[in-house]
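Below is one structure; the comments refer to it alone.
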Protein chains: 2
Amino acid sequence: MAVNRLKKLGLKLTPQRLAILNLLEGNKKHPSAEEIYSQLKPRFPSLSPATVYNTLEVLAKAGELQEVRIRGDKKHFDSNPAPHGHFLCRICQSIYDLDVEPLEMQTPFSVKGHLVEGYTLYFYGICPVCQEGSKTKLN
Amino acid sequence: MAVNRLKKLGLKLTPQRLAILNLLEGNKKHPSAEEIYSQLKPRFPSLSPATVYNTLEVLAKAGELQEVRIRGDKKHFDSNPAPHGHFLCRICQSIYDLDVEPLEMQTPFSVKGHLVEGYTLYFYGICPVCQEGSKTKLN
DNA sequence: CTCTCAACTTATAATAATTATAAATTCATA
DNA sequence: TATGAATTTATAATTATTATAAGTTGAGAG
Ligand SMILES: [Mn+2]
Ligand SMILES: [Mn+2]
Ligand SMILES: [Zn+2]
Ligand SMILES: [Zn+2]
């Protein structure tokens, strides 16, 4: 659980960090820093946006979570640090996990003299929910 | 050439747009808006950053060039609008084209109900030049 | 258990790429 | 060559994020 992940990294166990990790744990929505802040603020009235940003940065650099930069304006966060495909719906802006067949690559590897240590794969389009929505309108 | 691309889109032919398109044409460096501005400013003293941003946005939306968002802070631009892999060197920050084998996908396609209209594939690591550099130091 | 202090949180200011606004200029065509 | 919509420009505004500095606290030492 979150407690162990923090201890293993030599990080202090604070209520704010626990709350952020617990909010992210098993969360499939890939929330932004601001969304995380908004969701926790009611239960942690003293919480500051800077703490959310700091915590997310520390955990991302430690490899405990990954930044998802599928949108141009803000970062989103994923408690699963393993590389996997992401999909952004251009209608509802939702971010989904999306694994596409031949794209499972083990890093590091070398291509044409380039040492590849990591990669991101982002898909853009229309999600199942929004496709269903437009079908309904056409009927 | 650039003249025809602009005419085809119904865009006015201005010296600024021609200069931007010509700078990008066949350019493998994937420059940022600010780099484009800096390089053109000496020859176009009246040039404004806003014009560079506007032109790049218009041309990107028209599908004449692509935005490369491989870095978190700024966008880079590529006169080749076709999807292809990019590589960012964490040492020198250079951006290279990098095509990796099983990753040529034709859009649009559908996966698990998601309609994929486009995608980006970004690689991160150390480029050939910087690998050579660190080898030299070790000798 | 309580002392201590580096680590942490917080409020606030600063940063920086980009976007918006509005006035001046210019391309294109009649 | 005159016209007007499109474009350029200077400038201000935006906004996610980062930096700063002062106050607070978690956790090990004693
Ligand atoms: Mn994910
Ligand atoms: Mn390219
Ligand atoms: Zn959707
Ligand atoms: Zn390099």
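Within every chain, numbering begins at 1; the chains are lettered A, B, ... in the order of the sequence lines, protein sequences first and strands thereafter.
Applying the salt bridge (Lys or Arg N to Asp or Glu O under 4.0 Å) definition to pairs two or more places apart or across chains, those involving residues 113-127 of chain A are A/E117-B/R90. Applying the salt bridge (Lys or Arg N to Asp or Glu O under 4.0 Å) definition to pairs two or more places apart or across chains, none involves residues 33-46 of chain A.
Side-chain contact check for A/H84 and A/D97: at least one donor-acceptor pair (N or O, by modelled atom type) lies under 3.5 Å.
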(Q) Just to be sure I follow the notation: if a pair is Watson-Crick (purine N1 to pyrimidine N3 plus N6-O4 or O6-N4) or a G-U wobble (N1-O2 and O6-N3), each under 3.5 Å, what dot-bracket string does DNA chain C give, with | for pairs to another strand? (A) ||||||||||||||||||||||||||||||
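A straight line from CG of B/L40 to C1' of D/dT8 spans 14 Å, rounded to a whole angstrom. In this structure, A/Y37 places its OH atom 16 Å from C1' of D/dT15, rounding to the nearest Å. C/dC8 atom P lies 15 Å from atom CG of A/L56, rounded to whole Å. When the P atom of D/dT17 is taken as reference, atom CZ of A/R71 falls 10 Å away, rounded to whole Å. The CG atom of B/L6 sits 13 Å away from the C1' atom of D/dA6 (whole-angstrom rounding). Nucleotide D/dT7 holds its C1' atom 15 Å from the CG atom of B/L9, rounded to whole Å. In this entry the distance linking CG of A/L47 with P of D/dT25 reads 14 Å, nearest Å. Here the P atom of nucleotide D/dT7 and the CG atom of B/L59 are 11 Å apart, to the nearest Å.
At C/dT9, none of the side-chain N or O atoms of A/S48 fall inside 4.0 Å of OP1 or OP2 (strictly under the cut-off). Checking the phosphate oxygens (OP1, OP2) of D/dT9, a side-chain nitrogen or oxygen of B/T51 falls inside 4.0 Å.
The only member of A/H86, A/Q66, A/R71 that meets side chain to side chain contact (heavy atoms under 4.5 Å, CB included) when paired with A/H76 is A/R71.
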Q: Encode nucleotides 15-30 of chain C as B, S and - characters from 5' to 3', where the letter depends on protein heavy atoms closer than 4.0 Å: B to the base, S only to sugar-phosphate, - to neither.
A: --SBB------BBS--
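Under the side-chain hydrogen bond (donor to acceptor under 3.5 Å, both in side chains) criterion, A/E67 pairs with no residue at all, not counting sequence neighbours. Residues meeting the side chain to side chain contact (heavy atoms under 4.5 Å, CB included) test with B/L9, sequence neighbours left out: B/L11, B/L59, B/A62, B/E64.
Taking the side chain as every heavy atom from C-beta outward, A/K29 and A/I95 never approach each other to under 4.5 Å.
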